[in-house]
Amino acid sequence: MDLELSREDIAFRDGVREVFTREIPEDIRRRNALSRTTHDDIVTTQRILNAHGLAVPHWPVAWGGKGWTPTQSHIYASELQRNSVPQPLAFNVSMVGPIIAEFGSEEQKRQFLPATANLDIWWSQGFSEPEAGSDLASLRTTARREGDVYVLNGQKTWTTLGQYGDWMFVLARTDPDAPRKQQGLSFLLLDMTTPGIERRPITLVDGSEEVNEFFFDNVRVPVENLVGEENKGWSYAKFLLGNERNGIAQVGTSQRVFADLAEAAAGIPTESGTLADDPQFRTSMHSARTTLLALEATQLRVTGASENGQASPVSSLLKMEGTKALQELSKLRMRAAGDDSMLLPPDGDAGESLHADDAATIAAAQYLNQRKLSIFGGSNEIQRGVIAKTILGL
Amino acid sequence: MDLELSREDIAFRDGVREVFTREIPEDIRRRNALSRTTHDDIVTTQRILNAHGLAVPHWPVAWGGKGWTPTQSHIYASELQRNSVPQPLAFNVSMVGPIIAEFGSEEQKRQFLPATANLDIWWSQGFSEPEAGSDLASLRTTARREGDVYVLNGQKTWTTLGQYGDWMFVLARTDPDAPRKQQGLSFLLLDMTTPGIERRPITLVDGSEEVNEFFFDNVRVPVENLVGEENKGWSYAKFLLGNERNGIAQVGTSQRVFADLAEAAAGIPTESGTLADDPQFRTSMHSARTTLLALEATQLRVTGASENGQASPVSSLLKMEGTKALQELSKLRMRAAGDDSMLLPPDGDAGESLHADDAATIAAAQYLNQRKLSIFGGSNEIQRGVIAKTILGL
Amino acid sequence: MNLEFNEDQKLLFETVDAAVGRGYPAGARGEATSTERGWNDDVWNTLAELGLTGLTIDGDHGGVGAGPVEVYATLEAMGKHAAAEPLLDGVFLPSWLIAALGTEEQAKQWLPALAEGATTIAVAHAEPRRPWGSAPSVAAAHSGDGSVVLSGVKAPVRHADQASTLLVTAVDGDTTGVYVVDAAAAGITRADGRSADWSRASQVEFAGTPATLLGTTGTDATAAWHTAVARARVAVLAEAVGLMESALGHTVEYLKNRKQFGVPLATFQALVHRASDMYARVELARSMALWATATVEAIDGGADVDLPAIADDAFVFVGDTATAVAEEAVQLHGGIGMTYEAEVAHHAARLAAITESFGGLAAARRRAVASESALRAPSALLNNA
Amino acid sequence: MNLEFNEDQKLLFETVDAAVGRGYPAGARGEATSTERGWNDDVWNTLAELGLTGLTIDGDHGGVGAGPVEVYATLEAMGKHAAAEPLLDGVFLPSWLIAALGTEEQAKQWLPALAEGATTIAVAHAEPRRPWGSAPSVAAAHSGDGSVVLSGVKAPVRHADQASTLLVTAVDGDTTGVYVVDAAAAGITRADGRSADWSRASQVEFAGTPATLLGTTGTDATAAWHTAVARARVAVLAEAVGLMESALGHTVEYLKNRKQFGVPLATFQALVHRASDMYARVELARSMALWATATVEAIDGGADVDLPAIADDAFVFVGDTATAVAEEAVQLHGGIGMTYEAEVAHHAARLAAITESFGGLAAARRRAVASESALRAPSALLNNA
């Protein structure tokens with residue numbers, strides 16, 4: 001065993017860290033740490049990363065990928081999170097990009113991949129529907145072929161950051177008579193300027209407007225925007241879910257939140273000292289700390305195993321326990337702030353806080369917002385089911 | 001609302017407390033606090049209680065009952081537990097006694113009730129079977145009528161303290177062809193000296209020998225030992241389960257364990273003081289303390305409501321949360337003892353401890369033994385099901 | 001020995017439940033908190049007509065002089081509908097402070113207006129990054145003409161934007177006092193915002209703002225302040241119980257009605273067992289809140305009990321439960337439970353705001369664990385040691 | 001960067017797994033611990049033949065000089081079968097103490113016998129009601145002839161009944177030392193009992209018992225003692241991981257095979273989800289134990305890390321998990337899981353014994369929370385701050 005990065009890996013880490021800390025403007029990273037990242041922050045960041053070859057490192061090398069080792073991928077994801085760099089837009093770099101690169105036509109690759117890598121196109125995800133959150137096989141949105149277009153009707157929801165979307169990748173039912181529900185779905189690329197699309201923003205409990213509903217009323221999609229084969233959409237979507245999801249446990253993010261909170265605690269007065277001396281707080285922090293060590297060690301095991309060519313079935317575990325740890329930290333942050341977390345600017349999360357302590361001000365809203373971590377992207381209940389089925393054989 | 005006992009209730013409490021603390025020998029109560037109660041302790045205690053009219057207060061007045069108010073019943077159960085008095089044998093006073101009093105013949109009442117109250121007969125419970133722990137409807141033990149006897153064949157298990165049993169009340173299948181599994185069961189009284197009975201003791205994880213298995217091989221039970229009607233046994237068993245179970249949350253016991261541990265803590269040294277100063281310990285104790293307050297308040301609500309003639313559906317809650325609290329305390333006791341809980345006398349729980357601190361010595365074994373609280377008498381899983389069905393309508 | 005409502009209290013609960021329920025159909029909390037006032041005026045007027053704004057004010061000052069159990073019944077009903085009207089913050093707590101500290105003249109000046117529902121008073125104690133239990137940093141200074149002026153910052157001040165008057169804690173040398181300040185007084189700068197539960201809160205800055213001491217000069221108000229706040233901290237738990245019961249109810253209905261993979265969610269035993277655990281927790285929390293309420297009643301009847309310590313114990317227990325129940329209610333709803341339009345989202349937000357009110361849960365636990373009562377054998381009955 | 005076994009370590013795990021597995025069919029732990037010796041002699045001999053009794057002893061003294069990862073692999077395999085042979089208590093820990101503190105002469109006297117598996121040595125440090133981290137109360141006195149005698153009580157001393165020799169911590173004035181005592185020496189009174197996990201333990205009383213200091217007079221052994229114990233505390237977590245994995249495995253099999261209400265328990269989703277949570281916890285605990293092991297290896301390679309602090313962190317995390325997993329394994333088995341005949345009962349008992357070993361979990365958490373590292377940002381890699 002070996003708990004040290006090799007000299008090469010350290011050089012690699014220092015290289016990406018240099019870009020993350022020197023090239024990405026500090027105010028962008030500060031806003032990201034306070035969950036106030038703007039549209040422009042995301043675009044600016046991704047274009048800088050792309051300019052340094054760091055936006056789409058996991059794509060095929062022909063389209064900008066880097067052919068990294070698993071350890072390098074791990075370091076990259078970890079450093080992004082630890083340095084509070086806004087993640088390259090997942091819909092672009094982790095979802096539609098790899099799908100187009102794998103299953104798209106040459107024409108589609110040329111048209112979309114460079115623009116997707118550089119965030120010249122902002123993609124939205126059109127998978128979930130009101131009656132099919134975790135159960136994609138039950139999707140109802142239809143795409144009826146009429147000559148050289150598909151006519152799209154239906155509804156998509158939980159579309160994160162869909163308000164900025166230039167294009168959307170949509171899973172829609174092209175064969176309503178398919179014998180199994182999983183069959184008959186197709187993967188379509190939809191220009192959001194097409195007539196017949198209506199958006200309804202969904203405000204979340206903390207006031208954030210990050211998800212949306214979309215309604216399609218006879219929206220016409222040219223057949224050349226079908227990816228791969230008709231009625232094979234399910235297998236493309238599954239390709240995504242099977243993709244190794246680096247950084248899914250968000251350990252780097254949790255490490256940063258931990259460090260920020262530990263630092264803040266020394267400046268938060270209690271009746272008899274500071275929060276940093278408070279045994280309750282220290283106990284909770286120690287528990288968070290050991291959990292993060294165990295999570296990072298689990299990631300190292302997974303990374304190490306994939307260096308040896310083995311696949312690991314523990315991504316459900318990492319998703320579930322990693323997000324749980326981050327949620328616990330967000331609760332701890334709120335408890336540390338107390339009353340100070342109960343005065344937000346009137347317009348929700350967009351403005352500056354009323355007094356100077358940003359992290360305390362947003363702590364309660366952030367705690368509420370982070371409830372989503374155990375729901376979106378495969379709820380903990382879904383993850384438990386996956387573990388039971390695929391690992392325990394139950 | 002009113003958080004005080006009335007003058008009459010105080011007088012009542014002082015009366016029972018006087019019997020519990022003056023009449024029940026202190027060494028018996030000390031052994032009970034250390035889970036070293038012997039057969040003789042239980043018999044001695046119950047006979048003293050019976051002599052003072054305190055063994056079977058919930059029976060019909062004609063057979064020794066006291067016709068108490070719900071508050072008096074609550075006080076009685078609480079004081080028994082708080083003073084570490086061995087409970088009157090539940091199989092006698094809470095199970096077979098009330099069944100015979102309600103459904104038995106006059107002959108059965110005369111034969112059994114006084115002897116049952118005075119523990120001249122020690123009863124065992126013959127309900128559970130290996131394939132039907134929580135699922136009594138699936139019982140397989142048969143009682144085939146042959147002239148004036150039932151011939152009993154089958155197996156019973158989890159028979160607590162069955163090694164001392166003079167008689168056993170048995171639920172057995174008299175009609176194997178009944179359309180519903182719940183039908184066709186009968187309630188029989190079995191003299192344990194009858195030929196054909198074999199006992200196998202079951203040792204528990206902590207070494208205690210408190211449960212047993214019994215095997216019946218053509219055991220002949222006179223028909224006059226049938227209680228009530230043939231094939232109606234299920235409804236008699238259900239009568240028991242519906243009976244209000246005073247003290248089911250064992251709050252009095254937990255209060256005593258808490259007080260003992262708090263007192264002990266001041267004498268348990270840590271590197272820098274005593275356990276009583278340790279913030280971790282104090283936090284756990286504070287949590288236990290507030291839980292016990294909430295549990296006792298819940299009991300007071302139930303008692304208050306039954307004074308007003310209302311039945312309460314919360315006995316599942318009290319069983320589940322009350323035993324959970326007691327289990328937590330047993331874990332806390334083990335943690336407080338540390339290494340000191342890892343040296344038991346070689347013959348298990350029967351002898352005296354090797355050094356003077358009895359409570360620390362038995363703490364780990366006791367912790368292990370108390371795992372049973374969330375399993376026996378209706379597991380927590382069964383209780384959750386009951387809550388879902390009867391209270392939440394799920 | 002009894003922890004039940006009496007018939008009048010039951011009737012009170014039912015009355016508030018019905019009246020508030022009419023004003024709070026699904027989605028109403030979001031609407032109410034986004035009005036200019038921050039709550040529903042019609043509901044407020046109804047509450048005033050029912051005499052609830054005078055609940056904690058004695059008959060001599062225009063109220064009905066009810067006790068803590070009536071406060072509990074009222075606030076549990078408010079919580080049940082996630083109602084936003086600031087009965088506790090804007091009326092009950094100020095009335096307790098005025099009754100405890102004010103002169104008879106001051107009581108006459110403020111209590112009748114509160115009892116009528118004609119006005120609300122905001123209590124300003126919290127200060128940025130200052131522990132709730134510490135003396136305030138806002139300072140009272142005496143000017144030449146004998147008048148008093150305040151300087152310093154208070155935040156968050158709940159519902160300050162609608163209050164006619166502020167009760168402000170401040171120090172005069174070594175003495176802590178509660179000061180009455182007209183909301184329109186000179187030298188006040190107010191920045192309005194919202195709490196995480198969407199109710200209104202403000203930062204209020206005082207710069208030589210004219211103020212009047214509540215009560216008589218020379219008396220330290222700390223003990224009376226802590227007692228009144230402890231009373232409020234017990235009272236807010238009733239609202240928490242109402243919120244939790246409602247969150248559980250919505251969750252159970254959702255499990256019954258919502259289908260996934262072609263069957264109702266109630267088919268999934270893992271979810272059902274968690275709902276059962278929620279139920280058990282809510283009932284224990286209800287017992288704790290009722291017990292703390294009965295303890296306050298006993299104290300009013302002369303019992304010698306440390307009210308702030310009781311309030312800490314109950315606040316910690318109910319607060320922990322509130323957090324767990326809110327999290328489970330949202331989780332069992334899935335994405336829907338995260339949205340502003342979902343009832344349980346508002347329940348969760350309000351429950352979070354309650355746990356961080358009055359200095360917050362962590363500080364309450366810190367005090368409770370340090371208290372010598374932490375290791376005292378528990379007994380819910382006061383005369384049954 | 002790598003937390004995997006290498007090929008040799010994998011082979012070692014598989015070898016021990018197979019060898020111990022043969023000696024430990026279902027029910028075997030109960031049988032082994034109830035023999036006169038307290039473990040299975042055949043298994044012990046096999047372990048010795050495989051060289052495992054010499055695992056931690058260097059080549060010069062008859063061992064193979066393996067490192068912490070080999071210890072981990074061996075003990076995880078032992079834990080997997082709930083094996084009772086005292087490799088850690090009776091050989092590894094004494095060998096670390098002798099290597100760290102002993103003179104070359106002493107090393108020659110004791111290590112080869114240990115390496116052969118011909119004897120075990122019991123380490124006697126715990127004292128009734130004395131915190132593990134405090135200096136011992138057992139005192140070393142010098143008699144006129146220059147020899148040393150010990151007086152005082154040690155308990156529990158694991159496997160003292162079978163040991164040929166005891167290593168006893170004692171104070172000589174202000175200096176703490178580790179003393180070698182012949183098990184048959186004069187002035188020893190031993191009362192034998194058992195631990196909650198059914199393995200043997202004793203109370204050992206010394207009254208003027210002749211003893212020899214391990215190492216050289218005048219050197220305080222406290223630091224070396226804590227380091228060796230920290231090594232043992234990390235090592236025992238490997239056994240805990242093996243036990244937990246096995247408890248989970250038995251639970252999964254039980255859910256698959258056991259029927260209730262006419263269907264397999266695995267039909268009940270509430271139980272299945274809890275098994276999934278158990279799995280997640282076990283894997284995190286395994287990662288923590290592996291990480292702590294790799295840290296010990298790095299320390300052996302010269303890394304500057306505070307081993308006792310790492311041991312506390314890992315012990316607390318894995319210990320909490322062990323408790324939760326043991327409780328769930330028993331609970332999901334129902335009554336059967338409570339019985340001496342059930343495999344999971346022995347897993348639970350041994351896991352409880354592990355959490356209370358070496359001073360216990362509460363003391364470890366107390367130290368860890370007080371340590372300045374409690375608020376230090378975590379990083380599993382040593383050169384990746």
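Chain letters run A, B, ... following the sequence lines, proteins first, then strands; residues in each count from 1.
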Q. B:Tyr367 and D:Thr323: which non-hydrogen atoms are nearest, and at how many Å?
A. OH-CG2, 3.5 Å
Q: Under 4.5 Å heavy-atom distance to chain D, tell me which part of B:Ile202 shows up: side chain, backbone, both or neither.
A: side chain
Q.
Report which part of B:Leu332 has an atom under 4.5 Å of a heavy atom belonging to chain D: side chain, backbone, both, or neither.
A. neither
Q: Give, as side chain, backbone, both or neither, the part of B:Lys331 having an atom under 4.5 angstrom from any heavy atom of chain D.
A: side chain
**Q.** Heavy-atom closest pair, residues D:Thr355 and B:Met334
**A.** OG1-CE, 4.4 Å
Q. If you tally heavy-atom pairs under 4.5 Å against chain D, which of B:Ala364, B:Gly267, B:Ser374 wins?
A. B:Ser374
Q: Mind running side chain to side chain contact (heavy atoms under 4.5 Å, CB included) on D:Arg274 and B:Glu381 for me, showing each step along the way?
A: CA-CA 12 Å; D:Arg274 285 161 66 181; B:Glu381 290 69 34; 2.7 Å; yes
Q.
Go through it in stages, so that I can follow the logic: the residues are B:Met342 and D:Arg194, the test is side chain to side chain contact (heavy atoms under 4.5 Å, CB included), and I'd like the CA-CA distance, side-chain angles, deciding distance and then a yes or no.
A. CA-CA 7 Å; B:Met342 288 297 153; D:Arg194 68 169 179 92; over 6 Å; no
Q. With a 4.5 angstrom heavy-atom cut-off, which part of B:Thr270 approaches chain D: side chain, backbone, both or neither?
A. both
Q: Name the member of D:Gly133, D:Gly30, D:Ala270 that forms the most heavy-atom pairs with chain B at distances under 4.5 Å.
A: D:Gly133
Q: Take B:Asp278 and D:Arg365 through the test side chain to side chain contact (heavy atoms under 4.5 Å, CB included) and record every step on the way to the result.
A: CA-CA 11 Å; B:Asp278 171 35; D:Arg365 195 192 316 273; over 6 Å; no
Q: Name the region of D:Leu332, side chain, backbone, both or neither, that has any atom closer than 4.5 Å to a heavy atom of chain B.
A: neither
Q | Largest heavy-atom contact set with chain D, pairs under 4.5 Å, which of B:Arg384, B:Gln280, B:Arg371, B:Lys372 | A | B:Arg371
Q) When only pairs under 4.5 Å are counted, which of D:Ile336, D:Asp197, D:Val153, D:Val157 shares the most heavy-atom pairs with chain B? A) D:Ile336
Q) Can B:Thr203 and D:Thr339 be said to form a side chain to side chain contact (heavy atoms under 4.5 Å, CB included), step by step? A) CA-CA 6 Å; B:Thr203 305; D:Thr339 66; over 6 Å; no
Q) Relative to chain D, which segment of B:Asn369 carries a heavy atom at a distance below 4.5 Å: side chain, backbone, both, or neither? A) backbone
**Q.** Closest-packed option against chain B by number of heavy-atom pairs under 4.5 Å, given D:Gly334, D:Gly360, D:Ala126, D:Ser134
**A.** D:Gly334
Q | Under 4.5 Å from a heavy atom of chain B, the part of D:Arg158 involved | A | neither
Q: Go through the atoms of D:Phe268 and report whether side chain, backbone, both or neither lie under 4.5 Å from a heavy atom of chain B.
A: neither
Q) In terms of heavy-atom proximity below 4.5 Å to chain B, should D:Ser199 be classed as side chain, backbone, both, or neither? A) neither
